[in-house]
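Written below as structure tokens is the structure these notes are about.
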Amino acid sequence: MYRTHTCGELSMQHVGTTVTMAGWVQTIRKFGSITFTDLRDRYGITQLYFNEMLNARLDKTPLGREFILQVKGKVVERSNKNPKLTTGDIEIEVTDFTIMNSAATPPFTIEDDTDGGDELRMKYRYLDLRRPVLRKNLELRYKVNRSVRNYLDTLGFWDIETPFLIKSTPEGARDFVVPSRMNQGQFYALPQSPQTFKQLLMVSGYDRYYQVVKCFRDEDLRADRQPEFTQIDCEMSFVEQEDILNTFEGLFKHVFKDVKGVDIKEEFPRMTFDDAMWNYGNDKPDIRFEMKISNVKALNKVYCDVLNSVDFKVFSDAETIVAISVPGASEYTRKQIDELVEWVKRPQIGMSGIVNVKCNADGTYKSSVDKFFTEEQLKSLAGFCNAKPGDLILILAGAETRTRKAMSELRLEMGNRLGLRNPDNYKPLWVIDFPLFEYDEEDDRWVARHHPFTSPKPEQIALMDDRSRYGEIKANAYDIVLNGTEIGGGSIRIFQRDLQEKMFAALGMDKEEANEKFGFLMGAFEYGAPPHGGIAFGFDRLCALLGGQETIRDFIAFPKNNAGRDVMLDAPSAIDDKQMTELNLQAKDA
Ligand code: ASP
């Protein structure tokens, strides 16, 4: 038997027992003729004590970091207890040991606070995974997975696998393609999601489907994305939007409780897309804090009289003026404000400055544009921005889209600076009533905001006959947002052939192309397709959020780097000539 106990389970109650343990040597501390060693495995760390006699053996066959060591010994109470370790009350008085395998010196320290850089750790990912932080992340991932499966199982969902070698599914990204040897000159696409398959399963009558499944999207990898990522993918039949929201709100509550011990009793708020954009500047609002955006002047929708009467070019020339009232920040120093101005001037934000109004606690106002505004005007501006004494109003002015986006970022930044974005404070919400279409300026055409299988609001279907009104049509589509991050989205689907055809036509696909690409789905709709809808959650991102971290990479056992490379395998890489010939492929000279 290799071991009687793991390295994470022994405590005072085991004192006196004889045990056999095996694991990795974490540290070796030699004090004269005795040695202490920490032995590590997935379960924890246990201290070993080697007496003088064994030390003589150790001198002949020394231990090294990460050696695989098996020891026999007795559990004894430690004189010098370590309250940080679960096994910190005891140690093992070793009576015999075997070095089961030696190890080269690891290229970085296997500790949470490691000295290894990102690339190095990715190259030796199997060593990096030994670090307790990563082990905890993967444990959390496993627990979330198990929790999701248990919940869906109780509701009668079936886990059904769908193929990876398929034909393109349009989810808005480029496909990864796989050449076919048996059908030369032809390619499979890897699924961007199992979208069409889960819909076909509904046509087959399977009613409730889910899968924890890999999806592949060949996108630029900015913003912490991975070319292959995992979704919790779900679909249900005979449901309306309300049924989906309730079912999956239940799922989230279950997972929060099960994995984090957090009991969310209230219903998740629901916010329309328009309200989210208007009040928070984006469609994934972080509602852990208020600081809503005031639309001081926005495309003729609201116009503040005060601004109208003041001759201040920065405002009068601006398409949009938006403001936030930062609570308790009226005492910001000149330096702090200058810092914020520099912050919005960075190219990622792209503004030329901030106008600020300090609403002093004594009821007076002080502004960076005092010479244009009277105290009375500042007061009514403050009223318009819902500012209270003690607040600092930050105002951005400029072109609509850029200014709104910048304000949304500035709001989040102020949330960070004020410590209002505690990762342990979970504030989920549903964003609903998304637009069906989005105008793609670059390609000069309408595209599906979610995907082309999403159903318009039934009462707006008629608008699909009038291209000039596409922008008004709302979809039966919804996202779930947690702490400013979209963690899932879905829709009620089109399930009639004629409406699906109309949708493809609206997206600029002629009948022939639609048939060639999606004939299988539209064909299926002719054989008794039930009304259906679904949702998919970004599993990696959900785990990262539940782990209180931002990068998904640390929650994936073997991730790719920012260039989409697996640096451990050195992939992607060229394939040999024989494979190229078999596939009838030829690489162009770069
Ligand atoms: N397939 C969609 C996605 O990957 C999710 C859904 O509509 O269910 O975003």
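When a residue number appears, it is its place in the shown sequence, counting from 1. In each ligand, atom 1 is the first atom listed, and ligand 1 is the first ligand listed.
- Considering backbone and side-chain N/O of Gln231, one or more are found under 3.5 Å from N/O of ligand 1.
- Counting heavy atoms under 4.0 Å from ligand 1, residue Gln199 does not touch it at all.
- The six-membered or imidazole ring of Phe229 lies away from that of Phe539, with a centre-to-centre distance of 6.0 Å or more.
- Checked for salt-bridge contact, Asp263 and Lys253 miss the test: no charged N lies under 4.0 Å from a carboxylate O.
- In this comparison of Lys198, His450, Arg217, the heavy atom closest to atom 8 (O) of ligand 1 sits on Lys198.
- Closest to atom 9 (O) of ligand 1, if we only count protein heavy atoms, is Glu171 OE1, 3.7 Å.
- Every atom of ligand 1 is numbered from 1 in the order shown, and the set under 4.0 Å from a heavy atom of Ile535 is 8 (O).
- Not a single N or O atom of Glu235, backbone or side chain, sits closer than 3.5 Å to an N or O atom of ligand 1.
- Between Ser491 and ligand 1, not a single N/O pair is under 3.5 Å apart.
- The ligand atoms of ligand 1 that sit less than 4.0 angstrom from a heavy atom of Gly490 are 6 (C), 7 (O).
- Between Arg553 and Asp118 there is a salt bridge, with a side-chain nitrogen of the basic residue lying less than 4.0 Å from a carboxylate oxygen of the acidic one.
- In this structure, Met236 and Asp207 have side chains that are not in contact, with every pair of non-hydrogen atoms separated by 4.5 Å or more.
- Residue Ser193 approaches ligand 1 through these ligand atoms, each under 4.0 Å from one of its heavy atoms: 1 (N), 4 (O).
- The residue Gln192 has no part lying near ligand 1, judged by heavy-atom distances below 4.0 Å.
- The aromatic rings of Phe164 and Phe216 stand perpendicular to each other, their planes meeting at an angle above 60°, with 30° marking the opposite boundary.
- Protein heavy atom nearest atom 1 (N) of ligand 1, with residue, atom name and distance: Gln195 OE1, 2.7 Å.
- Classification of Glu413 and Arg417 as a salt-bridged pair holds, one side-chain N sitting under 4.0 Å from a carboxylate O.
- Between the side chains of Arg149 and Tyr210, at least one donor N or O lies within less than 3.5 Å of an accepting N or O.
- Between Phe518 and Phe504, a ring centre-to-centre spacing shorter than 6.0 Å is recorded.
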